[in-house]
Each structure stands twice: as structure tokens, then as C-alpha cells.
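Everything quoted here is computed from the prediction, not taken from an experiment.
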Amino acid sequence: MSIALNLNTIKSTLPENVTLVAVSKTKPVSDLMQAYEAGQRIFGENKIQEMTDKWEEMPKDIQWHMIGHVQSNKVKFMAPFVSLIHGVDSLKLLQEINKQASKNNRIIDCLLQIYIAEEESKFGLDENELNELLSSSEFKEMKNIRILGLMGMATFTDDQNQIKKEFTHLKSIFDSIQTIENENLQLNTISMGMSGDYQLAIDCGSTMVRIGSSIFGGR
Ligand SMILES: *Cc1c(COP(=O)(O)O)cnc(C)c1O
């Protein structure tokens with residue numbers, strides 16, 4: 001199967017308000033270029049080093065999304081160019097992003113990752129931690145980050161009801177924070193849904209899907 005064909009097939013099924021992040025982790029630049037030539041401009045990577053290498057090699061009109069877990073000490077490497085960081089799960093990490101964004105004279109868009117799965121291994125904030133973060137004075141004073149919304153990953157299971165429950169939970173948390181107002185909050189994005197569950201995610205209110213293997217093949 002060709003990457004361009006996979007991409008166009010998926011794009012034709014997405015509603016207009018849903019953004020496609022092509023998840024290209026572990027794939028060579030030649031594969032990414034096939035997607036680029038088919039019109040794709042948003043790519044998702046889960047390792048900062050790999051994303052930085054690809055950014056250096058590839059056309060400069062690509063928007064690079066960091067979708068993986070972020071270590072504070074590596075934020076500086078992507079701060080000059082990253083377009084959206086999906087996996088922000090602590091005030092401390094957000095402070096580091098704010099600091100590095102400031103050094104680069106820019107505002108970095110972020111999503112806060114919410115823990116919605118039943119698995120131990122997934123990162124993220126719970127609802128209380130989210131509200132605590134958003135109401136903290138440290139957050140309110142940050143000038144070089146902007147929170148666009150939330151990101152979540154469902155449990156890895158075949159149980160559609162379980163997944164649906166988790167996506168619906170994320171949407172309800174997103175709805176519950178709409179009343180909070182601050183300069184650096186511009187809530188319009190729910191990043192949920194991957195190759196196996198993106199249609200369900202869209203039914204539950206997703207506005208951004210992160211799709212890898214259905215475009216580029218297995219890893
Ligand atoms: C790898 C990855 C994806 C894409 O997964 P596929 O099943 O290949 O579509 C989406 N989100 C995150 C956070 C990932 O790490």
C-alpha cells in the first residue's frame with residue numbers, strides 16, 4: 001500500500017474540524033517525504049532527538065508535534081521549532097517549556113495530557129491535578145506558553161465500550177474547563193484517537209487525531 005493512498009483515504013473520512021497528525025516515529029525521512037508530497041504538513045514524533053533530526057532535514061513549512069512523554073532537560077532542543085507539545089503533564093514541565101520559549105522569543109502551544117486509561121503505564125494528570133494547575137498563580141503568570149486543549153490515550157483494549165467511556169470522560173473534562181479564563185488559555189483542541197480508535201474518538205468529540213500505522217504501516 002502506498003503512503004499517499006493511505007493518507008488520502010484517511011483524510012477523506014475526516015470531518016472538516018478534525019486535524020490529522022501523521023505520526024511518523026521510527027519511519028525514515030523518505031517515508032515522511034511521501035506524505036509531504038501528498039500534501040501532509042503536520043507530523044507527530046515521540047522522541048525529541050529524532051524529531052529534531054527530521055526537522056533539520058525536511059522542508060521548513062512542516063509543523064512538528066511532540067506527542068511523546070517529555071523530559072524537562074530536553075525541552076531546549078525542540079523549543080526553537082516545535083509547533084505543539086501534546087504530552088504536558090506537570091506544572092514543572094510547563095515552567096521549563098515557558099522558560100525555553102521565552103529564550104527563543106516565542107510562544108509555544110501545548111496540550112495538557114489527561115490520564116483516562118485503566119493502565120498503569122500511561123502518563124497524565126487527573127481532573128484534580130488539572131484544575132490545580134490551571135488555577136495556580138504560577139500558571140496564570142506564564143507568558144510564553146499557550147494551552148490549546150487536552151490530550152488523552154485510551155486503554156489498549158478491544159472493548160469499544162471501555163474506550164468510548166474514556167474518550168467521553170476526556171470530552172467532559174474539556175467541557176468543564178471552558179469557564180476558566182486566562183490570557184494563555186485558548187481551548188479549542190481535544191487530541192484523542194489513533195489508528196485503531198480514531199473514528200470512535202471523533203464520535204466522542206475529538207478535534208485532532210494522531211495516526212501512524214494506518215498511514216506508514218506497522219512499526
Ligand atoms: C505512536 C503513537 C500514536 C500513533 O499510533 P498508531 O496506532 O500507529 O496510529 C498516537 N499517539 C501517540 C501518543 C503515540 O505514541
Side-chain angles (χ1 to χ4, degrees), residues 14-23 41-46 51 63-70 75 78-79 81-98 101 106-117 122-136 138-155 163-194 197-212:
L14 297 180
E16 234 171 75
N17 67 320
V18 175
T19 302
L20 172 62
V21 179
V23 175
R41 291 294 180 271
I42 304 178
F43 290 86
E45 291 284 334
N46 71 339
M51 183 171 78
Q63 296 168 39
W64 292 99
H65 287 203
M66 174 43 56
I67 62 168
H69 185 65
V70 176
V75 171
M78 65 175 165
F81 71 91
V82 68
S83 164
L84 181 64
I85 303 176
H86 290 232
V88 179
D89 62 355
S90 73
L91 182 64
K92 192 173 150 277
L93 176 57
L94 202 56
Q95 284 171 317
E96 175 63 14
I97 296 169
N98 188 59
R106 62 183 294 237
I107 291 172
I108 296 182
D109 289 334
C110 298
L111 303 176
L112 295 170
Q113 183 170 359
I114 306 300
Y115 180 86
I116 52 171
K122 301 246 157 83
F123 295 100
L125 302 158
D126 67 25
E127 203 170 348
N128 288 334
E129 291 166 336
L130 171 68
N131 283 307
E132 221 172 89
L133 189 157
L134 293 177
S135 56
S136 69
E138 291 96 328
F139 169 71
K140 287 180 178 157
E141 284 156 18
M142 290 183 199
K143 300 258 181 286
N144 293 83
I145 53 95
R146 183 166 47 203
I147 302 294
L148 299 188
L150 305 179
M151 178 268 209
M153 287 173 83
T155 304
I163 297 172
K164 187 174 175 190
K165 203 177 84 188
E166 293 172 2
F167 284 156
T168 304
H169 184 211
L170 184 59
K171 170 72 162 85
S172 77
I173 296 174
F174 179 78
D175 290 343
S176 77
I177 58 173
Q178 293 298 318
T179 52
I180 306 176
E181 284 187 23
N182 205 52
E183 287 271 331
N184 57 17
L185 268 177
Q186 210 173 95
L187 298 170
N188 54 30
T189 303
I190 307 179
S191 166
M192 60 181 185
M194 322 193 341
D197 56 21
Y198 73 89
Q199 265 136 349
L200 183 54
I202 291 168
D203 292 343
C204 295
S206 172
T207 69
M208 186 173 276
V209 291
R210 309 176 309 267
I211 300 180

*Would you check if Met194 and Val23 make a side-chain contact, meaning some heavy-atom pair closer than 4.5 Å?*
no
*Residues in side chain to side chain donor-acceptor pair (under 3.5 Å) with Asn184, at least two apart?*
Asn182
*Can you name the closest pair of heavy atoms from Gly193 and Ala201 and give their distance?*
CA-CB, 3.5 Å
_Determine whether a donor-acceptor pair (N or O, by modelled atom type, separation under 3.5 Å) exists between the side chain of Asn46 and the backbone of Ile67._
no
*What salt bridge (Lys or Arg N to Asp or Glu O under 4.0 Å) pairs are there with at least one residue in residues 197-211, not counting sequence neighbours?*
none
_Measuring only between side-chain heavy atoms, which start at C-beta, is Leu133 closer than 4.5 Å to Glu129?_
no
_Heavy-atom side-chain contact between Leu112 and Leu134 under 4.5 Å_ = yes
*asked:* Just to verify, what does Phe43 make a ring pair (Phe, Tyr, Trp, His ring centres under 6.0 Å) with, not counting sequence neighbours?
replied: Trp64
_Partner set under ring pair (Phe, Tyr, Trp, His ring centres under 6.0 Å) for His69, not counting sequence neighbours_ = Phe123
*Quick one: does Thr207's side chain get under 4.5 Å of Thr19's, heavy atoms only?*
no
*For His65, enumerate each residue passing the side chain to side chain donor-acceptor pair (under 3.5 Å) test, keeping only those at least two apart in sequence or located in another chain.*
His86
*Are the side chain of Ser206 and the backbone of Met192 linked by a donor-acceptor contact shorter than 3.5 Å?*
yes
*Under the side-chain contact (heavy atoms from CB on, under 4.5 Å) test, residues paired with Gln178 that sit two or more places apart*: Phe174, Leu187
*Any side-chain hydrogen bond (donor to acceptor under 3.5 Å, both in side chains) involving residues 87-97? Give me the pairs, sequence neighbours left out, ordered by first then second residue.*
Glu96-Gln100
*Please report the closest heavy-atom contact between Phe139 and Ile147, naming both atoms and the distance.*
CE1-CG1, 3.6 Å
*Taking only residues two or more places apart in sequence or in another chain, which ones pass side chain to side chain donor-acceptor pair (under 3.5 Å) with Arg41?*
Asp61
_Where Cys110 and Ile145 come nearest, the two heavy atoms and their spacing_ = SG-CG2, 4.3 Å
*Any side-chain heavy atom of Leu148 within less than 4.5 Å of one from Leu111?*
yes
*Determine whether Tyr198 and Val18 make a side-chain contact, defined as any pair of heavy atoms from C-beta on separated by less than 4.5 Å.*
no
_Heavy-atom pair with the smallest gap, counting every atom of Met153 and Ile116_ = O-CG1, 3.3 Å
*Kindly state each residue pair satisfying side-chain hydrogen bond (donor to acceptor under 3.5 Å, both in side chains) with at least one member in residues 163-173, sequence neighbours excluded.*
Thr155-Glu166, Gln162-Glu166, Lys171-Asp175
_What I'd like to find out is whether the side chain of Gln63 reaches to under 4.5 Å of the side chain of Leu84, using heavy atoms alone._
no
*Ile107 versus Lys143, closest heavy-atom pair with distance*: CG1-O, 3.8 Å
*For the residue pair Arg106 and Val82, establish whether any side-chain heavy-atom pair is separated by less than 4.5 Å.*
yes
_Sequence neighbours excluded, every pair satisfying salt bridge (Lys or Arg N to Asp or Glu O under 4.0 Å) that has a member inside residues 145-154_ = Asp109-Arg146
